[in-house]
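As the structure lists them, so they are numbered: ligands from 1, and atoms in each ligand from 1.
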Amino acid sequence: MALSASPEMPDRHPIDIAWSVVSLAETTSTNDVARALAAAGAPEGTAVIADRQTSGRGRLGRAWHSPPGSGLWCSVILRPRLPLSQLGPLALVVAIAVYRAGQRWQATGLGLKWPNDLVADGRKVAGILTEAVGGSDTLPPEYVVVGIGVNVRRPVDGFPSPLQQTAGALEDLLGINCPTVGEFGTVMLAELADVYRTFVDDGFAGLQAEWLRANITTGRQVDVGGTGGGWSGFAEAIDELGRLVVRRDEGDVVAVAAGDVTLRRPGN
Ligand code: BT5
């Protein structure tokens, strides 16, 4: 079912999300729980948070390591009244909320890596997974579930071997000033309500400058993977639609809407 505007609800209604949080000790994936709740009619602003996920996932079916007591594993239900074609930048928007929450604790060194990562010292601290159900180029989706995974504390047993060189936690930056998972989640959700409202009102254009200030992707040589990827170039900018503008090694300029990007180290 696509949402349509009713006479009492103007198309561009101001959004003020009052979060309603479902807290779980353990689940497979908070995205799965949120999707089931959304399909059963749960309203925009429902957030599912679990202490541990047994099948946490990233994009393209990749696994997301979600041990207990260390990370914010959270999925929110959104019901944007924008067509699917305008929702591409949603992961970037949510990343700004996570970034802002980090700034609340002065997490300097945290940066946004296009499209959906927060990185510190070259290590991934957070990732975002957006799943839309229904919708089309002209119709809003029935709902969107946005999954947010943030390594707040280092896992007690450390990261497992495949992640030892690539994953990091806010605690690495903040030491004893690191918030608890709950404290971080509360601030992140408040910021998310704020950036989401800006996005619905003004599109990504309203957040583009803020994203650019926090970004570590542009001004770098990058390898572009994913569908249509397998090439390299220089990341020049993020455009108003949240696309990564890359000057390919072949010389032409391409705006990439979705995909994976690997940052080359300076000098490579
Ligand atoms: C992501 O995918 O970065 C999206 C992650 C979203 C996780 C949240 S947690 C709450 C909600 N419920 C879910 O089931 N998921 C969401 P992607 O860009 O595909 O990155 C996945 C890759 O990150 C993996 O292949 C690993 O290399 C790496 N990775 C896995 N777990 C990690 C962790 N805890 N910290 C840092 N990197 C990790």
Side-chain angles (χ1 to χ4, degrees), residues 21-38 46-78 90-95 97-99 101-102 110-132 143-173 181-182 184-185 188-189 192 216-217 222-227 229 244 256 258-263:
V21 178
V22 177
S23 284
L24 305 170
E26 179 179 308
T27 189
T28 51
S29 155
T30 53
N31 264 43
D32 290 341
V33 178
R35 285 179 70 143
L37 290 172
T46 305
V48 180
I49 297 179
D51 185 46
R52 170 174 186 241
Q53 297 183 117
T54 53
S55 312
R57 61 173 184 270
R59 296 176 303 155
L60 306 171
R62 295 171 192 138
W64 183 260
H65 183 60
S66 321
S70 63
L72 176 66
W73 322 132
C74 170
S75 300
V76 298
I77 297 172
L78 301 175
L90 201 50
L92 282 72
V93 171
V94 176
V98 179
Y99 179 83
L110 199 59
L112 299 180
K113 176 171 168 280
W114 188 92
N116 69 320
D117 292 356
L118 283 94
V119 172
D121 282 335
R123 291 169 176 272
K124 179 159 171 164
V125 169
I128 289 149
L129 171 68
T130 310
E131 296 180 326
Y143 57 85
V144 180
V145 167
V146 185
I148 302 146
V150 186
N151 302 318
V152 178
R153 306 288 179 104
R154 291 193 73 77
V156 268
D157 302 328
F159 288 105
S161 57
L163 300 176
Q164 265 166 23
Q165 305 304 321
T166 60
L170 282 175
E171 188 177 10
D172 301 335
L173 299 172
V181 172
F184 187 82
M188 192 284 296
L189 285 176
L192 180 51
I216 55 162
T217 318
V222 294
D223 296 317
V224 178
T227 317
L244 185 66
V256 187
D260 275 322
V261 153
T262 309
L263 307 178

List ligand 1 atoms under 4.0 Å from [X], heavy atoms only on the residue side.
{"X": "N31", "answer": "11 (C), 12 (N), 16 (C)"}
{"X": "S75", "answer": "11 (C), 12 (N)"}
{"X": "G56", "answer": "14 (O)"}
{"X": "T30", "answer": "10 (C), 11 (C), 12 (N)"}

Within-shell test, [X] vs ligand 1, heavy atom, strictly < 4.0 Å:
{"X": "S66", "value": "no"}
{"X": "G168", "value": "no"}
{"X": "L60", "value": "no"}

If you measure from each non-hydrogen atom of [X] to ligand 1, which part falls under 4.0 Å: side chain, backbone, both or neither?
{"X": "P162", "value": "neither"}
{"X": "R123", "value": "neither"}
{"X": "R62", "value": "side chain"}

Among [options], which one puts a heavy atom closest to [atom]?
{"atom": "atom 8 (C) of ligand 1", "options": "G58, S70, P160, G149", "result": "G149"}
{"atom": "atom 22 (C) of ligand 1", "options": "E131, K124, H65", "result": "K124"}
{"atom": "atom 27 (O) of ligand 1", "options": "L163, V125, T27, T166", "result": "L163"}

Pairs of nitrogen or oxygen atoms closer than 3.5 Å, one from [X] and one from ligand 1: do any exist?
{"X": "N151", "answer": "yes"}
{"X": "D260", "answer": "no"}
{"X": "W73", "answer": "no"}

What I'd like to find out is whether the side chain of L170 reaches to under 4.5 Å of the side chain of L110, using heavy atoms alone.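 Contact flag for L170/L110 side chains = yes.
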Side chain proximity check, D32 to S55, heavy atoms < 4.5 angstrom: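 No, too far: nothing below the 4.5 Å cut-off.
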Protein contact of atom 5 (C) of ligand 1 - nearest heavy atom, named by residue and atom, plus distance: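 Here the closest protein heavy atom is W64 CE3, 3.5 Å.
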Among all protein heavy atoms, pick the one closest to atom 9 (S) of ligand 1 and tell me residue, atom and distance.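 Heavy-atom neighbour on the protein nearest atom 9 (S) of ligand 1: Q53 NE2, 3.4 Å.
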